Amino acid sequence: MFKVQVYVTLKEGVLDPQGKAVRGSLLSMNYDEVQEVRVGKYIELFIEETENLDERIDSMIDQLLANPVIEDYRYEVEEVVSN
Amino acid sequence: MKFAVIVFPGSNCDRDMHHAIQEGIGEEVHFVRHTESDLASFDGILLPGGFSHGDYLRSGAMAATSPIISAIKKEAEKGKPVLGVCNGFQVLLEAGLLPGAMLSNEGQRFICRTVELRVENTKSIFTTSYEKGQIIRIPVAHGDGNYFCDEETYKSLKDQERILFTYEDNPNGSVHNIAGISNERGNVLGMMPHPERAVESLLGSDDGLKLFQSIVKSWRETHAVHS
């Protein structure tokens, strides 16, 4: 079994209204040093051993988990003991 | 003319859309579930607003993987009119039928009110019954209505006159005030405002009627009975 940790982030240059609101709150809490906040998504997949693992993960992300128009992604694969 | 209103789990403007067609313009209309895979018997396809699949992951992302999507693509390729409103627009973007993507509103708030739109182009099958530059009043109701595309895409949308509607007073941060765009061929339209909620002056506005009337008018012109 593999645990895949997928990080989906907004592309550089794409406005992040959520991040902007979070920064606003941090500033109002006197964390004046915060220059920018970008909010992304973290997704865990548990995948059975399969051929072309990386290729299949890439296509899952491209087809559904991330939108290439506005988002970038990266992932880490770790082998885990299945329950 | 025979319309299909696509129903996804979480669609909630499907009945309004049905009403706009049946009562508003008096044409035939049927509900079609997202699990269906054939739309060949319909002349026009309508994707309603709502929160398909709970808007989980991204608005419209999961609906865009439904079996019905390949049927919609097939009919769109034949040139049939396809209209996506609100969540329906988001589904068309996620399915790649229209360019760009939707972000959450600039102000992070759900907006539900009537806005003014400018009709930018009256050559489209969706807008022939309007006047160019006409200001129409149509309701919006969305949290993720902030349309985004890169400058290159914007340039091609503009050059090909595919921006059909713009906001007079941008409510959500959409690039260049874009409220509705069509595909290159002109038969697929996505828009955030709800024309199906503006078909009776008693309920505030009937400015949406002309959109549906335009579709039927264009269809009749190309399907005229030759005697």
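Note that this is a predicted model, so its numbers are computed, not measured. Computed from heavy atoms alone, side chains included, the values below leave out hydrogens, waters and symmetry copies. Order of the sequence lines fixes the chain letters, A, B, ..., with proteins taken first and strands second; residue numbering starts at 1 for each chain.
- Residues of residues 14-35 of chain A lying under 4.5 angstrom from chain B, judged on non-hydrogen atoms, are V14(A), L15(A), P17(A), Q18(A), A21(A) in numerical order.
- Enclosure of atom CZ in R109(B) is not indicated, since only 12 or fewer non-hydrogen atoms of other residues, nucleotides or ligands lie within 6.0 angstrom.
- Between atom CD of residue E94(B) and atom CD of residue Q63(A) there is a gap of 12.5 Å, rounded to the nearest 0.5 Å.
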Donor-acceptor pairs under 3.5 angstrom involving side-chain atoms of residues 132-145 of chain B: please list them, not counting sequence neighbours.
residue, atom, partner, partner atom, Å
K132(B), NZ, E120(B), O, 2.9
Q134(B), OE1, E131(B), N, 2.8
R137(B), NH1, G204(B), O, 3.3
H142(B), NE2, N172(B), ND2, 3.0
D144(B), OD2, S59(B), OG, 2.6

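- Contacts of residues 64-72 of chain A with chain B at a heavy-atom distance below 4.5 Å involve L64(A), L65(A), A66(A), N67(A), V69(A), I70(A), E71(A), listed in sequence order.
- Heavy-atom contacts from other residues, nucleotides or ligands closer than 6.0 Å to CD of E78(A) number more than 12.
- Heavy atoms of D150(B) lying under 4.5 Å from chain A are absent altogether.
- Shown here is K2(B), whose NZ atom has more than 12 heavy atoms of other residues, nucleotides or ligands within 6.0 Å.
- Contacts between S104(B) and chain A at a heavy-atom distance below 4.5 Å involve backbone atoms as well as side-chain atoms.
- When heavy atoms are compared at a cutoff of 4.5 Å, M62(B) approaches chain A by way of both its backbone and its side chain.
- For a residue to count as touching a neighbouring chain, one of its non-hydrogen atoms must lie under 4.5 Å from one of that chain's; by this rule L103(B) touches chain A with the side chain only.
- Contacts with chain B (heavy atom to heavy atom, under 4.5 Å) involve these residues of residues 43-62 of chain A, listed by number: I43(A).
- The local environment of CZ in F31(B) is crowded, with over 12 non-hydrogen atoms from other residues, nucleotides or ligands closer than 6.0 Å.
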